[in-house]
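For ligands, and for the atoms within them, numbers begin at 1 and follow the listed sequence. Along the sequence shown, the residues carry numbers beginning at 1.
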Amino acid sequence: MNSAAPFLRLKFSTVVDAYGKLEALSGRVAITEVLASLLRETPKAELPMLVYLTQGKLRPDYEGVELGIAEKFAIRALTTASGLPVEAVKRSYVEAGDIGTAAEKLLEEGRQNHLSSEPLTLRRVYDALFDISQISGSGSIESKLRELVSLLSDSSPKEAKYILRTAMGELRLGVADFTILDACAVAILGGKEHRKVLERAYNVTSDLGHVVQLAAEKGLSGVEGVRVQVGKPIRPMLAERLSTAAEILEKMGGDVVAEYKLDGERAQIHKDGAKVEIFSRRLEKITATYPDVAEYAVKYVKSRRAILEGEVVAVNTETGEYFPFQELMHRRRKHGVQEAMQQYPVAVNFFDVMFSEGEDLTGEPYTARRTELERIVQVTDFTRPVPALRTKSAEEIERYMEEAISEGGEGLMVKDPRAKYTAGARGFGWIKLKREYRSELTDTIDLAIVGAYHGRGRRAGAYGAYLLAAYDQKRGCFPTISKIGTGFSDEDLERFPKLLKPYESSVKPPNVESMLVPDVWYRPKVVIETIASEITLSPIHPAGMDSIRKGSGLALRFPKFTGKVRDEKGPEDATTVKEIVEMYNLQKKRIKEN
Ligand code: AMP
């Protein structure tokens with residue numbers, strides 16, 4: 001640390017005085033004034049430190065610099081710094097309910113004559129806290145403690161209050177990020193009207209300290225020139241919600257793109273050659289959880305430098321089916337990443353590209369970004385641009401939604417083809433359309449196997465999934481209701497082809513109704529027991545066609561083989577279409593708004 005010219009440095013007591021005022025205030029205007037005068041007093045080079053500390057952090061969130069020291073540790077530091085018995089410190093902490101208040105009180109009582117040789121500066125406090133966050137390895141506790149105690153010994157009781165709160169990650173000044181931008185617009189750029197420009201710069205870099213410093217050093221034009229950067233996460237664009245396809249069409253001017261809305265984890269993927277960083281929706285680094293996703297980005301994204309967004313979903317690599325969200329969450333809870341990767345493989349459905357080959361695409365309309373997305377994302381078993389349909393018809397949207405749901409999605413994300421990528425903002429450029437009803441299944445359903453699909457991955461060379469049909473008693477035929485690939489043991493996979501061989505058919509059996517064409521057809525003979533999370537409407541399965549809604553049949557969502565082949569049942573003993581329609585109606589529940 002360069003210790004020259006301390007008089008040019010902001011005194012920490014100035015910061016702390018302002019914090020004291022901020023805590024006592026509630027109106028946004030008054031808070032902005034206090035912040036603005038604090039910003040005016042701060043040397044340019046120290047602005048980022050001030051901004052991060054005021055946010056209760058040391059660096060922007062995405063860098064993952066963790067402060068939050070443990071309570072026990074803070075008590076030890078305060079005990080040493082105050083020279084009081086640990087019991088007294090603990091008692092005071094419990095009484096005050098907050099480490100900062102306890103520190104202020106104890107130090108006032110304990111060291112009345114304390115006179116520091118030189119006043120603490122903002123820089124000294126920031127650097128010390130930053131050092132503490134970086135110390136690791138053996139003996140790190142003691143080193144951290146030494147550093148914190150030394151800082152506390154040089155601080156006034158009031159300064160100690162805020163230092164300890166910050167160190168514990170409990171500053172909570174009640175200052176919103178956008179209030180800091182307001183203050184910056186007034187104090188640094190000279191007027192409230194510049195707030196929008198600052199906001200945009202913040203939304204594309206997620207680094208408030210950097211934006212404020214840029215304003216101070218380069219002025220308005222510097223801030224206007226901020227572009228998205230590989231490595232700095234963009235604050236995500238968020239969606240509005242409407243409840244019908246017709247409303248969405250009207251809102252978007254009659255012409256939309258409907259995309260599958262898959263139920264996984266949002267990932268913002270930054271690629272720079274072979275180097276990839278992945279950020280969560282909350283902009284935390286999740287690269288370590290998804291090394292496979294990073295690898296896909298290197299291998300299957302044909303842009304050398306790019307920022308993309310996609311939904312990561314757990315996938316059955318043998319059938320290509322997606323699993324429900326809960327399956328993906330195992331991935332986060334697992335300790336061994338390698339093991340988790342094997343046990344819970346994932347696929348990425350890319351849905352946006354904000355930067356590609358040197359170009360900031362956030363200002364481009366959706367259609368241009370989608371064209372680039374389709375150009376650069378290779379379709380593989382693990383990567384693809386999310387399925388999308390451009391349409392002007394409400395009916396087509398509804399049908400597409402059913403298709404998305406039967407493919408494991410939770411609904412649609414409908415996008416305005418003209419909309420830019422509005423970072424950090426919720427708007428009508430994207431509108432969520434979820435189902436109105438869900439029909440949970442508690443019963444098992446017995447279905448006839450009428451077809452099989454070749455497997456891939458570990459199931460290459462065998463069948464990966466089977467096509468299932470219910471029995472339509474009235475018409476005496478077998479309409480399909482689901483594909484199934486989950487729940488089969490290795491032993492099942494081996495015995496099924498043998499079990500089914502005698503019923504193989506080179507054409508679709510005449511009593512089977514199906515819009516899908518499997519790799520192999522079977523005459524309905526073998527009946528298996530299945531469970532599923534629910535029954536959904538589906539345009540691609542003819543079981544119960546038109547009985548709930550014109551043009552839609554019924555399908556199983558997340559179907560699973562229970563392990564039971566119903567040898568005792570003939571195909572006409574399979575669950576009937578009538579029963580399935582009844583189950584759908586019986587279990588229909590309105591979906592909670594969220
Ligand atoms: P919600 O969390 O219900 O507000 O829905 C928004 C989330 O849907 C996003 O944050 C994404 O994680 C997810 N999502 C799934 N598919 C898409 C898609 N095609 N486009 C945008 N977001 C999607």
>> Strictly below 4.0 Å, N to O, side chains only: are R369 and E372 in salt-bridge contact?
In response: no
> Would you say the side chains of Y260 and E403 form a donor-acceptor pair under 3.5 Å?
Replying inline: yes
>> Show the atoms of ligand 1 that are less than 4.0 angstrom away from any heavy atom in R281.
In response: 2 (O), 10 (O)
> F561 and Y466: aromatic ring centres closer than 6.0 Å?
Replying inline: no
>> Looking at ligand 1, is there an atom of it that comes within less than 4.0 Å of some heavy atom belonging to E265?
In response: no
> Is it the side chain (CB and beyond), the backbone, both or neither of E309 that lies under 4.0 Å from ligand 1, heavy atoms counted?
Replying inline: neither
> So Y290 and E265, side-chain hydrogen bond (donor to acceptor under 3.5 Å, both in side chains) or not? Walk me through it.
Replying inline: CA-CA 11 Å; Y290 297 114; E265 175 162 21; 2.6 Å; yes
>> For atom 21 (C) of ligand 1, tell me which residue out of K261, K415, E311, E410 has the closest non-hydrogen atom.
In response: K415
> Is ligand 1 under 4.0 Å from a heavy atom in the side chain of M413, in the backbone, in both, or in neither?
Replying inline: side chain
> Is any side-chain N of the basic residue among R370 and E374 closer than 4.0 Å to the acidic one's carboxylate O?
Replying inline: yes
>> For atom 18 (C) of ligand 1, tell me which residue out of E259, M237, R426 has the closest non-hydrogen atom.
In response: E259
> Under a 4.0 Å heavy-atom limit, does Y260 contact ligand 1 with its side chain, its backbone, both, or neither?
Replying inline: backbone
> Would you call the rings of H454 and Y463 parallel, tilted or perpendicular, where under 30° means parallel and over 60° means perpendicular?
Replying inline: parallel
> Are R390 and D255 ion-paired here, with the side-chain N under 4.0 Å from a carboxylate O?
Replying inline: yes
> Does R241 have a non-hydrogen atom less than 4.0 Å from ligand 1?
Replying inline: no
> Just which atoms of ligand 1 are under 4.0 Å from any heavy atom in L262?
Replying inline: 15 (C), 16 (N)
> Going by the order shown, which atoms of ligand 1 are within less than 4.0 Å of some heavy atom of R266?
Replying inline: 9 (C), 10 (O), 12 (O)
